[in-house]
Amino acid sequence: MSTEVVVTIGGERRTAPSGTRIAELIDGERRRDTVAARLDGQIVDLGRAVTADATIELISANSPEGLEVIRHSTAHLMAQAVQSLFPGTQVTIGPVIEDGFYYDFAPPRPFTVDDLPKIEARMRELAKANLPVERLEEPREAAIERFRRMGENYKVEIIEHIPETVVSLYRQGDWIDLCRGPHVPSTGYLRAFKLTGVAGAYWRGDEHNPMLSRIYGTAFATREELEEHLKLMELARSRDHRKLGREMGLFIFDPVAPGSPFFLPRGAIIYNQLIEYVRRLYGRYGFEEVVTPQLYKNALWHTSGHWENFRENMFLTTDGENRGGELDYAFKPMNCPGHTYIYAAEKRSYRDLPLRIADFGRLHRAERSGTLHGLTRVRAMSQDDAHIFCTAGQVEEEIDLNLRMVRDVYGALGFERMEAKVATMPEKHMGDEAMWREHEATLGRALDRNGLAYELNPGEGAFYGPKIEIDVPDALKRRWQLATIQLDFNMPERFDLTYTTSAGTPARPVMIHRAILGSLERFIGVLLEHTGGVLPFWLAPEQVRVLSLSEKVEGYAREIAALIKDKGFRASADLRNEKLGFKVREAELAKVPYMAVVGEREAEARSVSLRMLRGAKNQAMSLDALIEMLKSEPLPS
RNA sequence: GCCCAUGUAGCUCAGUCGGUAGAGCACUUCCUUGGUAAGGAAGAGGUCACGGGUUCGAUUCCCGUCGUGGGCUCCA
């Protein structure tokens with residue numbers, strides 16, 4: 001008994017026998033470009049049979065959803081290739097990620113990059129064979145039994161965690177995998193892919209679990225798009241802050257101090273300019289700067305809880321008298337415990353609050369060796385750190401104040417792509433839930449007031465309070481957390497901080513940890529990648545370089561460089577015995593925003609020939625005009 | 001810390017199927033005095049990361065350590 005169903009497909013209504021597969025409803029022309037379909041809003045395979053009236057939208061290969069299907073199917077193709085090449089390898093999971101996909105395997109031996117070409121070649125063979133990809137449904141128990149027989153213990157574990165009674169499997173050729181789908185109709189749809197790397201990854205991301213072997217790859221609808229993507233990645237690598245730092249002479253690293261940058265004079269200028277900028281804001285926003293000890297006796301860390309929770313990440317030491325004895329001091333990894341002593345140095349009243357204490361103190365953290373990464377992950381750093389002690393009722397105003405500061409700073413530095421998140425109460429937490437929810441709402445309100453969109457990061461708060469995190473992506477699309485605004489109910493408790501209320505009774509202040517730039521080190525790293533090294537004028541280590549054309553004008557070049565310096569700008573003169581083209585090239589590579597070329601013509605007229613960074617047209621101008629131009633360069637507000 | 005890769009001159013990289021090393025750029029000196037992204041020549045510069053092992057002989061092969069890179073984990 002065949003009944004008819006009414007299908008709206010691509011906006012067109014038509015009828016078809018019930019049970020017709022979606023693929024059969026698509027014209028030949030469109031079929032090649034269609035990888036899946038949306039059936040009444042749900043993404044499904046083209047092989048899905050239509051058994052009721054429905055609305056169908058086709059998902060083309062180059063749509064975001066289509067791309068996801070292609071990448072997911074490519075991950076399967078890779079798993080199939082891997083299992084045929086390396087018998088005894090178990091599959092685990094293979095999700096789609098931002099720029100591609102990965103698949104985690106449990107192989108007899110870890111994969112190396114040398115394995116990738118082989119796997120890729122097999123994938124191409126399998127794609128060329130154009131194997132149909134079929135969806136099967138199987139009762140949960142039968143599937144568990146099936147994968148157990150296949151020796152796929154990880155899959156068994158996965159299915160055991162699936163609540164549904166029926167699970168879906170996908171088969172291509174003789175290969176079969178548990179998967180929710182959807183997938184492309186056949187492996188021939190997969191034409192543009194590349195395996196990009198191998199890595200170790202723990203099963204379920206937990207380091208107590210076995211380490212699996214992960215292979216990363218990417219896939220696109222067409223080879224052209226794949227090529228374009230690979231080129232883009234190449235370009236991104238040229239903006240790597242580590243490369244720029246070397247080229248621009250900003251900082252170096254040396255194995256004598258792993259994870260600890262040496263800022264060279266030019267890098268130190270950027271570093272100090274950022275600090276100066278934040279200092280100016282401190283004046284405006286009512287922060288007071290302090291200078292606090294680097295080393296504290298362990299007693300402090302016991303009280304603060306760092307000994308218990310953070311010792312793994314601390315550098316422990318001792319003093320000269322106790323050499324050979326126990327390690328009874330530690331370098332501070334954070335400023336907060338020290339600041340509680342400044343708070344407690346006086347009897348505080350509600351009239352003192354909010355108390356905003358800022359500190360550019362140097363922090364040291366014994367980060368695990370495998371995590372170090374240029375300036376973005378270091379062991380020695382300074383933060384534009386501050387702690388605010390306030391009453392519970394002042395929290396919202398304080399959060400708001402800091403978010404206004406965030407907007408000032410990020411706006412001044414041209415970051416538009418910041419992403420705000422509110423990390424909420426974790427399972428292990430102190431204080432009652434009502435208080436948490438109330439403060440989470442406060443954070444959200446403050447974000448709203450500042451027009452900042454945000455996402456929730458459920459359960460990701462610290463045990464002692466919720467926080468706002470601001471992330472910014474780097475050149476390679478890795479996200480880095482810069483600003484944080486963290487509420488802390490714990491530290492005031494541990495250090496027994498109090499203030500006297502207007503009623504004369506003692507009360508516990510709330511502590512807010514916050515940093516806008518985060519660490520100066522990381523911020524500079526991200527800023528370099530963000531700008532490609534072309535920093536705003538006020539941050540440029542060298543703002544003007546005078547390029548002399550020949551020895552004859554050496555005196556004049558020297559003179560005007562001195563004059564520009566005298567006006568408060570960072571300038572130098574390149575008087576070397578080199579051709580102009582060479583000097584221009586070097587100034588360009590050093591990313592000096594203004595190049596003032598002087599030859600005999602200019603010396604005669606007391607002028608310069610100005611060239612702007614990145615080849616903007618050079619123009620003759622008087623010295624006064626140049627100074628005026630420099631003065632008109634915007635400073636951060 | 002774990003997995004994979006990697007470590008040769010200040011930088012970027014060749015090279016040695018085991019007989020102690022090269023290039024370009026940078027550096028020094030000389031020539032050249034020039035008009036907007038590399039003028040020319042000469043010179044100097046390396047315990048081939050470090051420590052063991054195998055070998056007549058190790059920079060090369062093996063093991064370990066350290067560093068670096070890509071991930072995992074953690075976090076600013």
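Protein chains get the first letters and strands the later ones, always in sequence-line order, with residue 1 at the start of each.
OP1 or OP2 of B:C11 has not a single side-chain nitrogen or oxygen of A:K243 nearer than 4.0 Å. Between A:R214 and B:G70 there is no side-chain N or O to OP1 or OP2 distance below 4.0 Å. At the phosphate of B:G70, OP1 or OP2 sits under 4.0 Å from a side-chain N or O atom of A:H373. Contact between the side-chain N/O atoms of A:R246 and the OP1/OP2 oxygens of B:U68 is not found at any separation under 4.0 Å.
Within the 4.0 angstrom heavy-atom criterion, only backbone atoms of the sugar-phosphate kind lie near A:G374; the bases stay farther away. Contact annotation for A:K583: no contact, since no heavy-atom pair falls under 4.0 Å across all strands. At a threshold of 4.0 angstrom between heavy atoms, the contacts of A:E551 include nucleobase atoms, whether or not backbone atoms are also involved.
Nucleotides B:G53 and B:C72 have their C1' atoms positioned 33 Å apart, rounded to a whole Å. Going from the P atom of B:C11 to that of B:G46 covers 14 Å, rounded to whole Å. Taking atom P on both nucleotides, B:U55 is separated from B:U60 by 16 Å, rounded to a whole Å.
At least one donor-acceptor pair under 3.5 Å links the side chain of A:E602 to the backbone N or O of A:G599. Side-chain N or O atoms of A:Q83 include one that pairs as donor or acceptor with a backbone N or O of A:T89 at under 3.5 Å. Distance alone, capped at 3.5 Å, places no donor-acceptor pair between the A:N153 side chain and the A:K155 backbone.
No donor-acceptor contact under 3.5 Å links the side chain of A:Y202 to the base of B:G71. Contact of A:R377 with B:C74 (side chain to base): a donor-acceptor pair of N or O atoms is detected under 3.5 Å.
Residues A:L372 and A:T112 each lie close to RNA chain B; by heavy-atom proximity, the contact nearer the 5' end of the strand is made by A:T112. Toward the 5' end of RNA chain B, the nearer of the two residues A:E207 and A:T484, judged by each one's closest nucleotide, is A:E207.
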Scan the side chains in residues 195-205 of chain A for donor-acceptor partners under 3.5 Å anywhere in the protein, sequence neighbours excluded, and list what turns up.
{"residue": "A:T196", "atom": "OG1", "partner": "A:Y216", "partner atom": "O", "Å": "3.3"}
{"residue": "A:W203", "atom": "NE1", "partner": "A:E157", "partner atom": "OE1", "Å": "3.4"}
{"residue": "A:W203", "atom": "NE1", "partner": "A:E157", "partner atom": "OE2", "Å": "3.4"}
{"residue": "A:R204", "atom": "NE", "partner": "A:E157", "partner atom": "OE2", "Å": "3.3"}

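A donor-acceptor pair shorter than 3.5 Å can be found between the side chains of A:S382 and A:R362. Checking A:D359 against A:T292 by side-chain atom types alone, a donor-acceptor pair falls below 3.5 Å.
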Report summary line: 5' to 3', nucleotides 35-47 of chain B under a 4.0 Å protein heavy-atom cut-off (B base, S sugar-phosphate only, - none) gives BBBBS--------
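Taking atom CG of residue A:N209 and atom P of nucleotide B:C72, one finds them 16 Å apart after rounding to whole Å.
Counting heavy atoms of neighbouring residues, nucleotides and ligands inside a 6.0 Å radius, atom NZ of A:K583 exceeds 12 of them.
Between A:F105 and A:F111, the distance separating the two ring centers is shorter than 6.0 angstrom. You'll find the ring centres of A:F101 and A:Y103 outside the 6.0 Å limit. Aromatic ring centres of A:H439 and A:F489 lie closer together than 6.0 Å. For A:F537 and A:Y594, the ring centers are positioned less than 6.0 Å apart.
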Kindly give the atom pairs (protein nitrogen or oxygen, nucleotide nitrogen or oxygen) under 3.5 Å for nucleotides 13-15 of chain B.
none

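The stretch residues 356-364 of chain A has no heavy atom under 4.0 angstrom from RNA chain B at all.
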Query raised in the report: When you look at A:F251 and A:Y271, which way does the ring pair (Phe, Tyr, Trp, His ring centres under 6.0 Å) test go after all the steps?
Result: CA-CA 11 Å; A:F251 52 85; A:Y271 204 97; over 10 Å; no
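The A:R368 side chain lies nearest to B:G1 when the options are B:G70, B:G1, B:A76. Closest to the A:P258 side chain, of the nucleotides B:G67, B:C3, B:C75, is B:G67. Of the candidates B:U12, B:A76, B:G34, B:A76 carries the atom nearest the A:Q481 side chain, counting heavy atoms from C-beta on.
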Query raised in the report: Please, what dot-bracket string fits RNA chain B when only Watson-Crick and G-U pairs with both distances under 3.5 Å count, crossing ones use [ ] and pairs to another strand use |?
Result: (((((((..((((.....[..)))).(((((.......))))).....(((((..]....))))))))))))....
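Judged as a side-chain contact (heavy atoms from CB on, under 4.5 Å), and not counting sequence neighbours, the contacts of A:A557 are A:V546, A:S548, A:L575, A:V598.
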